[in-house]
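Structure first, commentary second.
Quick caveat, the model's predicted, so the values are computed rather than measured. For reference, positions follow the sequence shown, starting with 1. Both backbone and side-chain heavy atoms feed into the values below; hydrogens, waters and symmetry mates do not.
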Amino acid sequence: MQYQNESEQLNRKQQLLRREIYDKGYDCQAFQDYMEQLKVNGGQDVNIWTYQELQEAISLFQTTNQPQMETIELDDVSYRQSEFDDHAQFEVPQNLDEQLPQVKQEQQLQNQKQQNQIVSNGMHEEIVAKPSVDNERFYQKVHLCKLQDKKMILTANEINVQITKFEKIQGGLLSASYYIYIINTEPIGWNVQRRYNDFVWLREVLNKMYPGRYIPPLPKKTVLKNDQELYLIKRMKFLEKFLQGLFQIELIRHDKWFYAFLSIKEEKDFKQIQKLSTQLSRVTKLEQIISLDGQVQLQINDNLVTYNQESSSLINSIDLSYKKLRKESKQLLLDFDQLSNTIYNMGQTCTDLYQFSNKFNQSISQGKISKLDILYISMNNMLVQWGNNLTAQIKIVQEELCSFFKFHHHSITSLKEFIKQKEQAQQEYEKFKSKLELKKHKLFASQDFNRWEVPSIQIKALQDSNLTQNREVCLAIMLPQETTLQEELKNIFAFYNYQQFSEINSHLENTVTAFSEHFIKFCSLQKEMLAEQKLVWDKSIVNFNNLHYPQQIILKKT
């Protein structure tokens with residue numbers, strides 16, 4: 001009998017929730033969050049509520065909320081989509097047109113699915129299926145955002161982006177000279193010219209559009225070295241790594257601005273795209289964020305706190321070590337340069353010895369030692385070839401160590417900037433929360449209902465229910481606008497908190513892959529250099545043997 005009564009009570013409460021919340025078109029997730037504020041786990045377990053308490057809570061909720069029967073409309077990004085599409089005439093190969101996905105219908109279905117998943121077979125069943133514990137030690141939500149409009153379906157492995165060369169464009173009467181970089185994207189067949197400032201523009205746009213995402217670094221702009229060929233070559237390789245790094249990020253790979261950067265050939269058309277981008281504002285609301293699946297993760301928990309603290313410490317340590325490796329690579333470059341110069345000098349000294357012996361042999365008619373000339377020539381050749389090998393090492397060290405560690409050191413700097421965004425979001429949330437809690441406690445103690453910013457009908461409901469002395473209930477409903485702002489700040493912090501974990505974890509995984517591939521190449525180059533140097537030593541051994549054991553060698557051949 002007791003079981004039947006409990007079952008009947010549960011059914012009554014479920015019917016009440018369905019009739020008053022779901023059937024009347026109220027936001028079920030918002031109501032669940034509201035119930036969480038009134039009681040711990042109040043949005044998860046309907047059994048902890050009496051039927052009368054539910055009625056009172058529903059009444060209070062309905063006084064401050066409006067029914068939402070239609071699908072939620074996500075905010076548009078601040079730039080004009082249609083205007084961009086009108087001006088951005090992308091040059092897409094004919095065979096690629098057939099590969100472009102039909103994403104609009106998929107996007108609508110995805111958004112509808114996300115909205116429908118908060119409605120299931122009854123309020124109680126939905127709460128059980130999607131627990132949401134809203135406290136400081138465990139906070140997790142899925143927030144709806146914008147769905148990425150995929151521009152092409154080629155994967156990163158199928159595309160090769162290269163900067164093939166740079167060219168100097170002479171300035172005119174009123175303009176200075178500058179350099180352009182030729183960018184080829186294969187197998188699509190795109191070929192464009194871009195200035196360094198265009199790369200800076202692209203990175204700024206991507207940072208605005210994709211908060212919480214790691215964007216690869218760019219080399220710093222310096223004026224003093226602009227006419228040095230070696231400097232320009234290193235900068236070209238750095239810019240190429242930037243573009244290749246973007247292609248490794250699927251979300252960015254489909255971005256329309258990145259797409260335009262690589263595909264629009266005519267300078268006037270590209271300038272028009274850049275002009276349109278001036279209408280962009282930095283994305284600050286979660287609803288405006290773009291993702292591949294139309295949602296973002298919000299998380300605060302002990303495991304993430306530990307991970308983010310330890311990863312921040314790791315990134316700082318890696319930063320120092322990369323900086324040290326850059327310095328040591330430069331020193332190695334100087335060491336090889338000095339060593340090769342020393343060996344070349346030794347070769348020059350052997351040349352001097354040859355000239356002395358040759359002069360001696362030329363000046364006498366009896367007692368000539370022609371083998372002495374050959375000895376000094378062999379010594380010179382050995383040393384020069386050795387020096388050439390070390391000179392080749394200088395190029396390898398420059399490209400495979402100095403430039404490599406420079407790029408990855410800048411990458412860590414970009415990660416530290418990203419971590420700083422999370423820390424700022426956390427500080428803003430905690431500071432606002434602390435002030436608001438203090439303010440609410442003072443208002444509760446004063447019982448000055450006029451300053452609670454709560455409708456009089458809601459205050460009366462509290463008084464009739466004898467809840468004005470219930471601190472937990474009162475703190476939850478007073479100052480609703482500031483409470484909503486606190487919730488928004490918390491969500492932003494939870495977003496960056498999860499993104500720090502996601503982005504750093506991904507970056508470290510990619511580091512293993514990138515470094516492994518790079519040093520496989522480096523070791524292969526060293527292996528080739530050793531093989532070439534071995535040939536030098538083998539040839540030198542033969543030459544010196546011929547000088548020292550000529551008769552024995554002749555006998556063996558005979």
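For the salt bridge (charged side-chain N to carboxylate O under 4.0 Å, His left out) criterion with E400, the lone passing option out of K406, K237, K521 is K521. Of the candidates N388, L383, L339, T349, N388 is the only one forming a side chain to side chain contact (heavy atoms under 4.5 Å, CB included) with Y344.
The closest side-chain donor-acceptor pair between D352 and Y376, if any, does not fall under 3.5 angstrom. In this model, no donor atom of one side chain and acceptor atom of the other lie less than 3.5 Å apart for Q244 and N160. Side-chain atoms of H254 and D149 include no donor-acceptor pair closer than 3.5 Å. Side chain to side chain, D335 and Q331 meet the donor-acceptor criterion of an N or O pair below 3.5 Å. Side chains of Q297 and S502: a donor-acceptor N/O pair is absent below 3.5 angstrom, by distance only.
Contact record, L390 with S340: CB-CB, 3.9 Å, taken as the closest heavy-atom pair. The heavy-atom pair separating P216 from R203 by the smallest distance is O-NE, 2.6 Å. E240 and I163 make their closest contact through OE2-N, 2.9 Å (heavy atoms, listed as atom of the first residue, atom of the second, distance). I394 approaches D337 most closely through the heavy-atom pair CD1-CA, 3.6 Å. Nearest heavy-atom pair across P211 and V283 is CG-O, 3.7 Å. F258 approaches R253 most closely through the heavy-atom pair CD2-CA, 4.1 Å.
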**Request:** Walk me through it: do Q526 and Q393 pass the test side chain to side chain donor-acceptor pair (under 3.5 Å)?
**Result:** CA-CA 8 Å; Q526 292 298 328; Q393 283 282 11; 2.7 Å; yes

**Message:** Applying side chain to side chain contact (heavy atoms under 4.5 Å, CB included) to N497 and K422, what does each step give before you reach the verdict?
**Reply:** CA-CA 6 Å; N497 193 55; K422 188 271 296 184; 4.1 Å; yes

**Request:** Apply side chain to side chain contact (heavy atoms under 4.5 Å, CB included) to the pair I182 and V192, showing each step before the final yes or no.
**Result:** CA-CA 6 Å; I182 312 301; V192 296; over 6 Å; no

**Message:** Between N341 and F336, does the side chain to side chain contact (heavy atoms under 4.5 Å, CB included) criterion hold? Intermediate values first, please.
**Reply:** CA-CA 8 Å; N341 285 335; F336 271 121; over 6 Å; no

**Message:** Could you go through F418 and E503, starting from their C-alpha distance and side-chain angles, then the distance that decides it, and tell me whether this counts as side chain to side chain contact (heavy atoms under 4.5 Å, CB included)?
**Reply:** CA-CA 9 Å; F418 169 76; E503 294 294 310; 3.8 Å; yes

**Prompt:** Checking ring-ring contact (aromatic ring centres under 6.0 Å, His included) for the pair F404/H408: CA distance, chi angles, key distance, verdict?
**Reply:** CA-CA 6 Å; F404 179 79; H408 287 281; 4.5 Å; yes

**Message:** Pair Q148, D293 - check side chain to side chain donor-acceptor pair (under 3.5 Å), show working.
**Reply:** CA-CA 7 Å; Q148 178 67 292; D293 58 0; over 6 Å; no

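Other residues, nucleotides and ligands contribute at most 12 non-hydrogen atoms within 6.0 Å of the CD atom of Q338. At most 12 non-hydrogen atoms from other residues, nucleotides or ligands lie less than 6.0 angstrom from CE of M346. Taking a 6.0 Å sphere around CD of E423, one finds it holds more than 12 heavy atoms contributed by other residues, nucleotides or ligands. Within 6.0 Å of NZ on K323 lie no more than 12 heavy atoms contributed by other residues, nucleotides or ligands.
Taking a cutoff of 4.0 Å between a charged side-chain nitrogen and a carboxylate oxygen, D538 and K534 qualify as a salt bridge. Ion pairing between a basic and an acidic side chain is recognised when a charged N comes within 4.0 Å of a carboxylate O; K165 and E167 show such pairing.
Expressed to the nearest 0.5 Å, how far OH of Y496 lies from CD of Q421 amounts to 4.5 Å. Taking CD1 from I318 and CG from L325, the interatomic distance works out to 11.0 Å, rounded to the nearest 0.5 Å. In this structure, CG on L218 lies 7.0 Å from CZ on F238, to the nearest 0.5 angstrom. Here the CE atom belonging to M379 is positioned 6.5 Å from the CG atom belonging to L353, to the nearest 0.5 angstrom. Taken to the nearest 0.5 Å, the CG atom of L298 stands 6.0 Å off from the OH atom of Y139. The line from CZ of R235 to OG of S403 is 12.5 Å long, rounded to the nearest 0.5 Å.
Ring orientation note: the planes of F493 and Y429 are close to parallel, at an angle under 30° on the 30°/60° scale. In this structure, F515 and Y322 have parallel ring planes: the angle between them is below the 30° cut-off, well short of the 60° mark. Note: W201 and F261 have parallel aromatic rings, judged against thresholds of 30 and 60 degrees for the angle between ring planes.
The aromatic ring centroids of H507 and Y214 lie less than 6.0 Å from each other.
Relative to the six-membered ring of Y178, R195 meets both conditions, a distance below 6.0 Å and an angle of at most 45° to the axis.
Put simply, the side chain of L206 reaches to within 4.5 Å of the side chain of L202, judged on heavy atoms.
Distance alone, capped at 3.5 Å, places no donor-acceptor pair between the D319 side chain and the I315 backbone.
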